[in-house]
Amino acid sequence: MLLDKKRPQPRAPRAIQIQTISGCNGNCIFCPNKKTKIKIPYGKPMEETLFRSIIDQCVTLKVRRISPYLMNEPLMDPELPRHIDYISQKKRRRQYTKINSNGSLLTEKMAKGLMDAGLDKLHISVQGIDPGDYTHLMKLDFDMAIKNVEQAVKIKQKENYATQIRVVMLDTGEIHPHLDAIRAFWKERGVEINVNQMENRGTHNEIETGKISANKLSVFRWCDRLFRQAYVLYDGRMVQCCADWEQTKILGDLSQESLDTIWNGPDYMAYRQKFIDGDLRGSICNGCMKDPGKTD
């Protein structure tokens with residue numbers, strides 16, 4: 001399929017993020033959480049029937065990456081291991097699961113539960129190895145975060161789980177000068193790290209990413225999220241992007257329609273066509289900026 005013969009349009013998303021529970025216990029300075037104009041409910045779970053319906057559709061449509069998290073802390077959901085287990089039972093060859101977490105709730109029970117359930121990739125956000133930098137950036141307990149990561153790695157190694165565990169962080173001005181030391185720190189613990197570039201979360205006004213980014217932000221023109229990824233809130237509504245915390249436009253509702261219908265529907269298609277034409281008015285893409293530096 002082609003949009004005006006300018007850009008490939010996949011029949012289904014390559015990846016999907018599903019918010020199984022709303023809200024986050026963190027308050028990172030680079031994240032819109034707890035800083036939005038709209039009121040986002042805290043701890044509202046997705047209905048089980050809706051979750052299973054979405055997963056079944058993802059399997060049928062051959063969505064490659066299924067991530068049960070979106071603009072939230074996924075480990076707030078006590079049912080997450082069970083959700084992962086359902087995906088593991090249903091998924092087919094080349095499909096996999098991945099979540100991003102701040103690690104603060106990664107207890108021994110949760111870590112083992114996720115690995116028992118067959119989680120493929122667990123990425124844990126740990127902003128630096130200096131307690132002061134970490135506390136400033138994430139507003140969480142540094143010692144607890146390190147302990148939880150180390151504990152999860154030991155569980156993985158002891159039981160020979162297949163789950164990939166990585167530490168991820170943003171390339172901020174505070175972290176950038178210490179990247180060599182950070183890499184050495186995690187290498188000693190048998191953990192690989194990803195250093196990702198800062199973005200302004202769709203021009204969100206309550207965060208100052210431009211001030212803390214390692215490099216100057218520039219207009220994000222190389223984005224392909226709207227062609228490859230789908231984003232589902234806890235109640236089934238689909239937003240434009242993982243940066244669309246203010247829910248600027250709802251593209252469909254999976255409690256009412258199928259993923260296939262919404263993904264290939266008029267709202268999504270018009271959104272993509274406007275993006276291709278350079279008309280970003282009314283979309284989350286309008287003014288989106290990112291650090292153009294290399295991503296590890």
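Heavy-atom basis, side chains included; hydrogens, waters and symmetry copies ignored.
Using a distance-only test at 3.5 Å, with no hydrogens or angles considered, a donor-acceptor pair links the side chain of Asp253 to the main chain of Ser255. Counting only distance, with no hydrogens or angles, the side chain of Lys62 and the backbone of Cys58 share no donor-acceptor pair below 3.5 Å. Put simply, the side chain of Ser283 gets close to the backbone of Leu280: a donor and an acceptor are under 3.5 Å apart. In terms of modelled atom types and a separation under 3.5 Å, the side chain of Gln17 and the main chain of Ala230 share no donor-acceptor contact. Looking at Lys274, its side chain does come within 3.5 Å of a backbone N or O of Arg281 through a donor-acceptor pair. Using a distance-only test at 3.5 Å, with no hydrogens or angles considered, no donor-acceptor pair links the side chain of Asp85 to the main chain of Leu80. Counting only distance, with no hydrogens or angles, the side chain of Ser88 and the backbone of Ile84 share a donor-acceptor pair below 3.5 Å. The backbone N or O of Lys37 sits less than 3.5 Å from a side-chain atom of Glu246, completing a donor-acceptor pair. Proximity of a side-chain donor or acceptor of Asn72 to a complementary backbone N or O of Gln19 within less than 3.5 Å is not detected. The backbone N or O of Asp260 sits less than 3.5 Å from a side-chain atom of Asn264, completing a donor-acceptor pair.
Ile284 contributes atom CD1, which lies 11.0 Å from atom OH of Tyr231 (distance to the nearest 0.5 angstrom). The NZ atom of Lys35 lies 11.0 Å from the CD1 atom of Ile40; values are rounded to the nearest 0.5 Å. Between the OG atom of Ser218 and the NZ atom of Lys216 there is a distance of 9.0 Å, given to the nearest 0.5 Å. Distance check, rounded to the nearest 0.5 Å: CE of Met238 to CD1 of Ile262 gives 5.5 Å. Here CG of Leu50 is found 4.0 Å from CD1 of Ile54. Values are rounded to the nearest 0.5 Å. Taken to the nearest 0.5 Å, the CG atom of Leu226 stands 11.5 Å off from the CZ atom of Arg228.
A single hydrophobic cluster is not seen to contain both Leu119 and Val168; linkage of ILVMFWY side chains at heavy-atom distances under 4.5 Å, directly or through other members, places them apart. In the hydrophobic cluster analysis, where Ile, Leu, Val, Met, Phe, Trp and Tyr join through side-chain heavy atoms closer than 4.5 angstrom, Val239 is grouped apart from Met46. Met138 and Val191 fall within a single hydrophobic cluster, where Ile, Leu, Val, Met, Phe, Trp and Tyr are joined by side-chain heavy atoms under 4.5 Å apart, directly or via other members. Linking ILVMFWY side-chain heavy atoms closer than 4.5 Å, directly or via other members, places Tyr268 and Leu233 in two distinct hydrophobic clusters. When hydrophobic clusters are built by joining Ile, Leu, Val, Met, Phe, Trp and Tyr residues whose side-chain heavy atoms come closer than 4.5 Å, directly or via intermediates, Leu137 is not grouped with Met71.
Other residues, nucleotides and ligands contribute more than 12 heavy atoms inside 6.0 Å of the CD atom of Glu150. Counting heavy atoms of neighbouring residues, nucleotides and ligands inside a 6.0 Å radius, atom CD of Glu108 does not exceed 12 of them. The environment of CD in Glu192 is sparse: at most 12 heavy-atom neighbours from other residues, nucleotides or ligands sit within 6.0 Å.
Smallest separation of non-hydrogen atoms from Met76 and Pro78: O-CD, 3.1 Å. The shortest heavy-atom contact between Gln151 and Thr107 is NE2-C, 3.6 Å. The two residues Phe30 and Thr209 have their closest heavy-atom pair at O-CG2, 4.0 Å. The heavy-atom pair separating Pro45 from Tyr234 by the smallest distance is O-CD1, 4.1 Å. Closest approach of Tyr134 and Ala145 over heavy atoms only: OH-CB, 3.3 Å. In terms of heavy-atom proximity, Cys31 sits nearest to Arg201 at SG-NH1, 4.1 Å.
Gln57 and Ser258 share no donor-acceptor pair across their side chains, judged by distance under 3.5 Å alone. There is a side-chain donor-acceptor pair under 3.5 Å between Asp120 and Thr97. Ser101 and Glu73 are linked by a side-chain donor-acceptor pair at a separation below 3.5 angstrom, with hydrogens and angles left out of the test. Side-chain contact annotation: His136 with Gln127, donor-acceptor N/O pair under 3.5 Å absent. Gln247 and Arg237 form a side-chain donor-acceptor contact under 3.5 Å, judged by distance and modelled atom types alone.
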Go through the steps for Arg82 and Glu48 under the test salt bridge (Lys or Arg N to Asp or Glu O under 4.0 Å), then give the verdict. CA-CA 10 Å; Arg82 187 164 58 82; Glu48 183 71 16; 3.1 Å; yes

Please report the C-alpha distance between Ile29 and Glu208 in whole Å, then the side-chain angles of each, then the deciding distance to 0.1 Å, and finally whether the side chain to side chain contact (heavy atoms under 4.5 Å, CB included) criterion is met. CA-CA 8 Å; Ile29 66 172; Glu208 299 181 337; over 6 Å; no

Worked verdict on Leu70 versus Ile16 for side chain to side chain contact (heavy atoms under 4.5 Å, CB included): CA-CA 9 Å; Leu70 172 66; Ile16 190 168; over 6 Å; no

Walk me through whether Asp56 and Lys90 qualify under side chain to side chain contact (heavy atoms under 4.5 Å, CB included). CA-CA 7 Å; Asp56 291 348; Lys90 293 284 186 172; 3.7 Å; yes

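For Ala214, the side chain to side chain contact (heavy atoms under 4.5 Å, CB included) partners at least two apart in sequence or on another chain are Asp171, His176, Asp291. With sequence neighbours excluded, the residues that form a side chain to side chain donor-acceptor pair (under 3.5 Å) with Arg225 are Glu199. Partners of Asp77 under the side chain to side chain donor-acceptor pair (under 3.5 Å) rule, at least two apart in sequence or in another chain, are Thr20, His83. Every residue meeting the side chain to side chain donor-acceptor pair (under 3.5 Å) condition with Asn25, not counting sequence neighbours, appears here in chain and number order: Asn102, Ser104. Partners of Glu257 under the side chain to side chain donor-acceptor pair (under 3.5 Å) rule, at least two apart in sequence or in another chain, do not exist in this structure.
Clustering of Ile, Leu, Val, Met, Phe, Trp and Tyr by side-chain heavy atoms under 4.5 Å joins Met144 with none of the others.
Cation-pi geometry between Arg94 and Tyr96 is not satisfied (NZ or CZ under 6.0 Å from the ring centre, within 45° of the ring normal). Cation-pi check for Arg272 over Trp263 is met; the charged atom lies under 6.0 angstrom from the ring centroid and within 45 degrees of its normal.
Within the 4.5 Å cutoff, no side-chain heavy atoms of Gln197 are placed close to those of Leu170.
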